[in-house]
Amino acid sequence: MWSIAGSLSPAPVLDRLDLVAGPVATALRAMADADRLAVSAIDPALADTAEFCAHYGSPLGASANCVIVAGKRGDAVRYAACVVLATTRADVNGVVRRRLDARRASFAPMDDAVALTGMEHGGITPVGLPADWPVLLAPEVAAAPELVVGSGVRGSKLLVPGEVLAKLPGAEVLEGLAR
């Protein structure tokens, strides 16, 4: 079913919630389309995208990265998740900064991203993020028939159709997000 799985052994995610972070499991239990997602265990040392794709034979163009951005205006800090294909980068200082109505925007410090999401560095996913955060998706992500994304932990990956990500709470398809 998953043409992008390479040598992974995907299982229905609802059968293997033990492979995802707590906030991800909670979100999946409440998600109408959760039956369309799969999960596969991986070597946590190979969680970074390039190493993952090379080892498991999953195409780089079918991997999406989720990064947490902090936008600041005065003392106010607004967070957002940006999901772009691994072959691109999020336009943090342009498109994202304007969307967050921030004077400055940058990748959130790793410790903050981990603490605020309840997920592991290198495994952060758009599924299960704080409800008040926008989940900004590049159009290519939303349109992808199949993607590999993090699972909230470094020891597994989710396989998901882009249209399911576009239905997540707070999801917005944002033109120009990816460069």
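Predicted model, so just to flag it, every value in this text is computed and none were measured. What's counted below: heavy atoms across the whole structure, side chains too, no hydrogens, waters or symmetry copies. The chain is numbered in sequence order, starting from 1.
Under the 4.5 Å side-chain heavy-atom criterion for grouping Ile, Leu, Val, Met, Phe, Trp and Tyr, V84 is not connected to L165 through any hydrophobic cluster. Both V24 and I124 sit in one connected hydrophobic cluster of ILVMFWY residues. Membership requires side-chain heavy atoms under 4.5 Å apart, directly or through other members. Hydrophobic clustering of Ile, Leu, Val, Met, Phe, Trp and Tyr side chains at less than 4.5 Å, counting indirect connections, keeps I4 apart from V164. Residues W2 and V13 fall into different hydrophobic clusters, defined by Ile, Leu, Val, Met, Phe, Trp and Tyr side chains chained together at heavy-atom separations under 4.5 Å. Hydrophobic clustering (ILVMFWY, side-chain heavy atoms < 4.5 Å, transitive): F107 and V77 are in distinct clusters.
From I68, atom CD1 reaches atom CG of D112 across 11.0 Å, with rounding to the nearest 0.5 Å. Between atom CG of residue L60 and atom CZ of residue F52 there is a gap of 10.5 Å, rounded to the nearest 0.5 Å. Once rounded to the nearest 0.5 Å, the distance linking CG of L147 with CG of L159 reads 9.0 Å. Expressed to the nearest 0.5 Å, how far SG of C82 lies from CG of N65 amounts to 11.5 Å. Atom CG of L28 and atom OG1 of T125 lie 8.5 Å apart (nearest 0.5 Å). Taking NE2 of H55 as the start and CG of L8 as the end, the distance is 9.0 Å to the nearest 0.5 Å.
A distance-only check finds no donor-acceptor pair linking the side chain of E51 to the backbone of A45 [under 3.5 Å]. Although no hydrogens or angles enter the test, the distance criterion places no donor-acceptor pair under 3.5 Å between the side chain of D33 and the main chain of R36. R78 places no side-chain N or O within 3.5 Å of a backbone atom of A102 that could act as its donor or acceptor partner. A side-chain donor-acceptor contact under 3.5 Å links K157 to the backbone of A47. No donor-acceptor pair under 3.5 Å is formed between the side chain of T117 and the backbone N or O of L129.
Within 6.0 Å of the CZ atom in R73, the count of heavy atoms belonging to other residues, nucleotides or ligands exceeds 12. Residue R103 places its CZ atom among 12 or fewer non-hydrogen atoms of other residues, nucleotides or ligands, all under 6.0 Å distant.
Heavy atoms only, all atoms of each residue included: P169 and V135 are closest at O-CG2, 3.8 Å. Across every non-hydrogen atom of Y79 and P134, the tightest pair is O-CD, 3.3 Å. Listed here is the closest heavy atom pair of L19 and S151: O-OG, 3.7 Å. Minimum heavy-atom separation, A105 to N93: O-OD1, 3.0 Å. Taking both residues in full, the closest heavy atoms of A21 and M119 are given as CB-CG, 4.3 Å, listed atom of the first, atom of the second, then distance. Taking both residues in full, the closest heavy atoms of L137 and A171 are given as CD1-CB, 4.3 Å, listed atom of the first, atom of the second, then distance.
Counting heavy atoms from C-beta on, the side chains of W133 and L116 come closer than 4.5 Å. Here the side chains of T88 and E140 are not in contact, with every heavy-atom distance at 4.5 Å or above. Side-chain atoms of V141 and L85, non-hydrogen and from C-beta on, do get closer than 4.5 Å to each other. Counting heavy atoms from C-beta outward, L177 and R99 have side chains that stay 4.5 Å or more apart.
A salt bridge between R154 and D48 is present, with a side-chain N of the basic residue lying under 4.0 Å from a carboxylate O of the acidic one.
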